[in-house]
Amino acid sequence: MSIAPSMSNSFPWLHRGIHEIFPDQPESKSPDENLEQRLIQSNRPLRIKLGIDPTGTDIHLGHSLLFRKLRSFQDAGHTAVLIIGDFTARIGDPTGKSEVRKQLTEEQVAANAETYLKQVRPILDFDTPGRLEVRYNSEWLSKLDLPQTLELLATMTVGQMLAKEGFAERYKQGTAIYLHEFLYPLMQGYDSVAVQSDVELGGTDQKFNLAVGRDLQRHFGQTPQFGLLMPILIGTDGVQKMSKSIGNYVGLSEDALSMYSKLEKTPDALILQYFELLTDLPLDQLPEGARDRQKRLALEIVSQYRGREAALDAQKAAGELVRGGIVQLRGSIVQPQSITGSLIVKEADGSVLSPVVSDTTFIVPNDDIVPKFSLAPIQFPVKAFYLVSASGLCKTSSEARRHIQGGAVRLEGDKLTSLDLTFESPDELVGKVLQLGKNKFVRFVP
RNA sequence: GGAUCGGUGCCCGAGUGGUUAAUGGGGGCGGACUGUAAAUCCGCUGGCUACGCCUACGUUGGUUCAAAUCCAACCCGGUCCA
């Protein structure tokens, strides 16, 4: 370990992967202009704000880096203030498309919030007292009356609002901008006032909103927060930002195998950033080869959410399954054994299951990594295409038909060729794996 | 409030009475190939346990044997004028 040469290395965890901190006056000793000084000089835990809108239910890696940063603050002894934007969700952050969001019921909000918390549990410290505070912003926003709202509105001008990137573009293009959308940054900013935040985390697209928070805190006599901006993660397609609607995402609640198989394809151009933002590995200790890096990345990330063991199994499974090779997932422990270019599969008790003709390593992943599908609700006899859609591998039965015709569906490694294929009873299917494309699998259980 | 243009499938965008589930492009998804991915080539890209049936061209009614295409009202967006 060398001695930190400059001030900015005093908090390596703070700087890893970030895009920007503002305000940022490196030379300043003022805790209002230099976050490190605030960290050093404060005699209490700082309040670190992160807001999420409970509009959907899935959190993906693109969100995770914010939570990971939040965790770093927790580990440094500070308080994470997680704000569930149940009130703001009714408007929607007008960064993207101009769709008026549907109002969420209380039940939906509660359900979504719970799902969120469950998903971020592997990231945040939920257990140490004083490290996590969860708040709903309807708590204060629903109580604002018109005079107070006017006070908020009066802090900003139309010109300032239009300076915001999204608005500017839309205004220029002639897309509709509704007045209530102007309220969004103000409400988010008011959250900062309400929870008296010292630092607010957000993506780079949040800069304007975080800055509004500073303005409002100043307006209400508080010390303005710092804004800490994290990059917007590019999705697995290597082009657009990671987003559920685009589909280039890796969800935190996905099974180990699909997580792994997506991540092991991470484009080379993105791999360093992924390591930096999504893992804690020192960047100077990464594997050499491009392929090895992909594997390591996938292994690391899957381990974080599904555990090391499942990650290792997924890694082995992916190699075999993606190749469209033999699929004999029995969920039992198997020792690969080479016999004249072939492999045999053994059950846990040592009995030979079936010879497998393949010159690749045969693997049997454990049950955790392939989603299970219960045949109980299925009426037999059942047609193959119906099974494919019912099991969740694809959305509609029409789509299932097309996939079968296109040769994309395999049962235990055998390509399904006929649409008319019918299964008479569950016994034909239990324990077998149905595969669509290269990385969608499901294992039938009774 | 007035004038004018426009609202088509995930997106863009053809089509102005009938072989139209609707040309084309993008995107997406599959297949082949490369031990991943990318590139390339090929296929698919409303729904339905399905050789038939049902929904679709802003909404609702209407005119027709027949409408995305004609008419009316309404809703929504753009632009210009007040």
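Within every chain, numbering begins at 1; the chains are lettered A, B, ... in the order of the sequence lines, protein sequences first and strands thereafter. Predicted, not measured: the structure shown is a model, and the values here were computed from it. Keep in mind that the numbers below use all heavy atoms, side chains included, and drop hydrogens, waters and symmetry copies.
- Applying the salt bridge (charged side-chain N to carboxylate O under 4.0 Å, His left out) criterion to A:Arg68, with sequence neighbours excluded, gives A:Asp280.
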Without placing hydrogens or testing angles, list every side-chain donor-acceptor pair under 3.5 Å for residues 384-394 of chain A, not counting sequence neighbours.
| from | atom 1 | to | atom 2 | distance (Å) |
| --- | --- | --- | --- | --- |
| A:Ser389 | OG | A:Tyr386 | O | 3.1 |
| A:Ser391 | OG | A:Leu387 | O | 3.1 |
| A:Ser391 | OG | A:Val388 | O | 3.0 |

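- Judged by a 6.0 Å distance limit and a 45° cone about the ring axis, A:Arg293 is not positioned over the six-membered ring of A:Phe275.
- The side chain to side chain contact (heavy atoms under 4.5 Å, CB included) test with A:Leu117 is passed by exactly one of A:Leu82, A:Ile52, A:Asn112: A:Leu82.
- Looking at heavy-atom distances under 4.0 Å, A:Thr396 makes contact with sugar-phosphate atoms alone, never a base.
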Identify every side-chain donor-acceptor pair in residues 417-426 of chain A under 3.5 Å, counting partners at least two apart or on other chains, and give the distances.
| from | atom 1 | to | atom 2 | distance (Å) |
| --- | --- | --- | --- | --- |
| A:Ser418 | OG | A:Asp420 | N | 3.0 |
| A:Thr422 | OG1 | A:Asp420 | O | 2.9 |
| A:Ser425 | OG | A:Asp427 | N | 3.3 |

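- One atom, OH of A:Tyr260, and another, C1' of B:A37, lie 13 Å apart when rounded to the nearest Å.
- Put simply, NZ on A:Lys395 is 10 Å from P on B:G47, counting in whole angstrom units.
- At whole-Å resolution of the value, NZ in A:Lys383 and P in B:U49 are 10 Å apart.
- With B:U36, B:U49, B:G47 as the candidates, the nucleotide lying closest to the side chain of A:Arg291 is B:U36.
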(request) Decide side chain to side chain contact (heavy atoms under 4.5 Å, CB included) for A:Phe380 and A:Leu429; before the verdict, give the C-alpha distance in whole Å, the side-chain angles of both, and the deciding distance to 0.1 Å. (result) CA-CA 11 Å; A:Phe380 284 84; A:Leu429 297 168; 3.9 Å; yes
(request) Between protein and nucleotides 20-31 of chain B, map the contacts as a letter string: B base, S sugar-phosphate only, - none, heavy atoms under 4.0 Å, written 5' to 3'. (result) ---------SSS
(message) Show me the dot-bracket string of RNA chain B, counting Watson-Crick or G-U pairs under 3.5 Å, with | for pairs to another strand and [ ] for crossing ones.
(response) ((((((((.[[[..)..(.....]]]((((((.......))))))(((...)))...[[[[[..)....]]]]]))))))).
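- Contact between the side-chain N/O atoms of A:Ser398 and the OP1/OP2 oxygens of B:G46 is not found at any separation under 4.0 Å.
- Across the C1' atoms, B:A67 and B:U63 are found 10 Å apart, a figure rounded to whole Å.
- Protein atom CG of A:Leu419 is 13 Å distant from nucleotide atom P of B:U49, rounded to whole Å.
- B:G7 and B:G58 are spaced 8 Å apart, taking the P atom of each and rounding to whole Å.
- Note: CG (A:Asp420) to P (B:C51) measures 9 Å, nearest angstrom.
- On the C1' atoms, B:G9 is 37 Å away from B:C81, given to the nearest whole Å.
- Here, B:G46 and B:C10 have their C1' atoms 12 Å apart, quoted to the whole Å.
- B:U45 and B:U34 are spaced 26 Å apart, taking the C1' atom of each and rounding to whole Å.
- Nucleotides B:U23 and B:U8, compared at atom P, are 16 Å apart to the nearest Å.
- Between the side chain of A:Thr266 and the base of B:A37, no donor-acceptor pair under 3.5 Å is found.
- Between the CD1 atom of A:Ile271 and the C1' atom of B:A37 there is a distance of 10 Å, given to the nearest Å.
- Between A:Pro381 and A:Thr236, the residue anchored closer to the 5' end of RNA chain B is A:Thr236, taking for each the nucleotide with the nearest heavy atom.
- With sequence neighbours excluded, the residues that form a salt bridge (charged side-chain N to carboxylate O under 4.0 Å, His left out) with A:Glu139 are A:Arg135.
- A search for side-chain hydrogen bond (donor to acceptor under 3.5 Å, both in side chains) contacts involving A:His19 returns nothing, not counting sequence neighbours.
- Rounded to whole Å, the distance from CG on A:Asp268 to C1' on B:U34 is 14 Å.
- Nucleotides B:U40 and B:C33, compared at atom C1', are 9 Å apart to the nearest Å.
- Identified under the salt bridge (charged side-chain N to carboxylate O under 4.0 Å, His left out) test for residues 391-401 of chain A, with sequence neighbours left out: none.
- A search for side-chain hydrogen bond (donor to acceptor under 3.5 Å, both in side chains) contacts involving A:Asp237 returns A:Asn248, not counting sequence neighbours.
- Using atom P as the reference point in both B:U69 and B:G18, the two lie 12 Å apart (nearest Å).
- Between the side chain of A:Gln294 and the base of B:U36 there is at least one donor-acceptor pair of N/O atoms closer than 3.5 Å.
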(request) Given side chain to side chain contact (heavy atoms under 4.5 Å, CB included), test A:Leu278 with A:Ser64 step by step and report yes or no. (result) CA-CA 7 Å; A:Leu278 304 176; A:Ser64 78; 3.4 Å; yes
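- Across the protein-nucleic acid pair, A:Tyr386 atom OH and B:C48 atom P stand 10 Å apart, rounded to whole Å.
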